[in-house]
Amino acid sequence: MIDVRRSGERYPGGDPGAGIDSYHAFSFGPYYEPDNLRFGAMLACNEERLAPGAGFDEHPHSHTEIVTWVVEGELTHRDSTGHESLIGPGDVQHLSAGAGVRHVERNAGPAPLTFLQMWLAPLEPGGDPAYGIVPGIADATPYALPAAGALLHVRRLSPGERAAIPPAPHVYVHVVRGEVALGQEELGPGDSVRITEEEGLEAVAYETPAELLLWEMP
């Protein structure tokens, strides 16, 4: 089964007056859609756009695996376990909230910031918070998220290039940039696909380079 969700269907949120524009792919905060609570292990896929100087003040998380992918700009991150970092395009940031952690996310730079934040449910709740960054992750190196039983694949495609979709029980595909064909579907930036029990699928880039995030989940 292939379930396409278009970029324009995302629920708008955030605080535009404070320079924060958010677009939610799943039920989130005041947006509640009972048939759109999760897909596989994925609980949220939020596109966040922060103006220079804007950000999220310190706030808590628990029992959630949070993976962040910067599309453009630089994200300044600080958490209650003492980690401080600057994340740019091509870096994978992973915050395992464990039994509880607090953090701050901000655009401290002069240019607009756009990032994707994906929340996954852990197989077992609780535990100690943990933090990690993979700088400049390569296409051929999937990022393993054992706590959620998931793998993140990054695919950067040249025009005409193909990428196989993993034949997993659940695969979540997000188009970061470019335009691709997946099966009979044409996808653009911000579009996503929820794939259940499908094999032999490929994504093919059109006339411009494309970047995809693929979550392989049990």
For this session: Among Arg5, Arg177, Arg10, Arg6, find the one that has a salt bridge (charged side-chain N to carboxylate O under 4.0 Å, His left out) with Asp191.
Result: Arg6

For this session: Can you measure from CD1 (Ile165) to CD (Glu216) and round to the nearest 0.5 angstrom?
Result: 10.5 Å

Exercise. Can His77 and His83 be counted as having a side-chain donor-acceptor contact under 3.5 angstrom?
Worked result: no

Seminar exercise, completed: In this structure, CG of Leu75 is separated from CG of Leu113 (nearest 0.5 Å) by 5.5 Å

Exercise. Judged by atom type as modelled, is there a donor-acceptor pair below 3.5 Å linking the side chain of Ser80 to the main-chain atoms of Arg102?
Worked result: yes

For this session: Examine Trp119 together with Phe28 and report whether their ring centres are nearer than 6.0 Å.
Result: yes

Exercise. Charged N to carboxylate O under 4.0 angstrom, Arg49 versus Glu72?
Worked result: no

Exercise. Would you say the side chains of Tyr23 and Glu48 form a donor-acceptor pair under 3.5 Å?
Worked result: no

Exercise. Should the pair Arg156-Asp139 be classified as a salt bridge under the 4.0 Å nitrogen-to-oxygen rule?
Worked result: yes

Problem set entry | CZ (Arg162) with more than 12 external heavy atoms under 6.0 Å | no

Exercise. Do Phe115 and Val104 share a hydrophobic cluster, counting only Ile, Leu, Val, Met, Phe, Trp and Tyr and linking them when any side-chain heavy atoms are less than 4.5 Å apart?
Worked result: no

For this session: Just do the side-chain contact (heavy atoms from CB on, under 4.5 Å) check on Trp69 and Val154 with the steps written out, would you?
Result: CA-CA 10 Å; Trp69 181 263; Val154 179; 3.9 Å; yes

For this session: Report yes or no: do Glu105 and Gln117 form a side-chain donor-acceptor pair below 3.5 Å?
Result: yes

For this session: Examine the side chains of Glu58 and His103 and answer whether a donor and an acceptor come within less than 3.5 Å of each other.
Result: no

Exercise. Hey, are Arg78 and Glu84 close enough for a salt bridge, meaning a charged N less than 4.0 Å from a carboxylate O?
Worked result: no

Exercise. Looking at His170 versus Phe39, is the centre-to-centre ring distance below 6.0 Å?
Worked result: yes

Exercise. Quick one: are Leu201 and Ile195 in side-chain contact, heavy atoms under 4.5 Å?
Worked result: yes

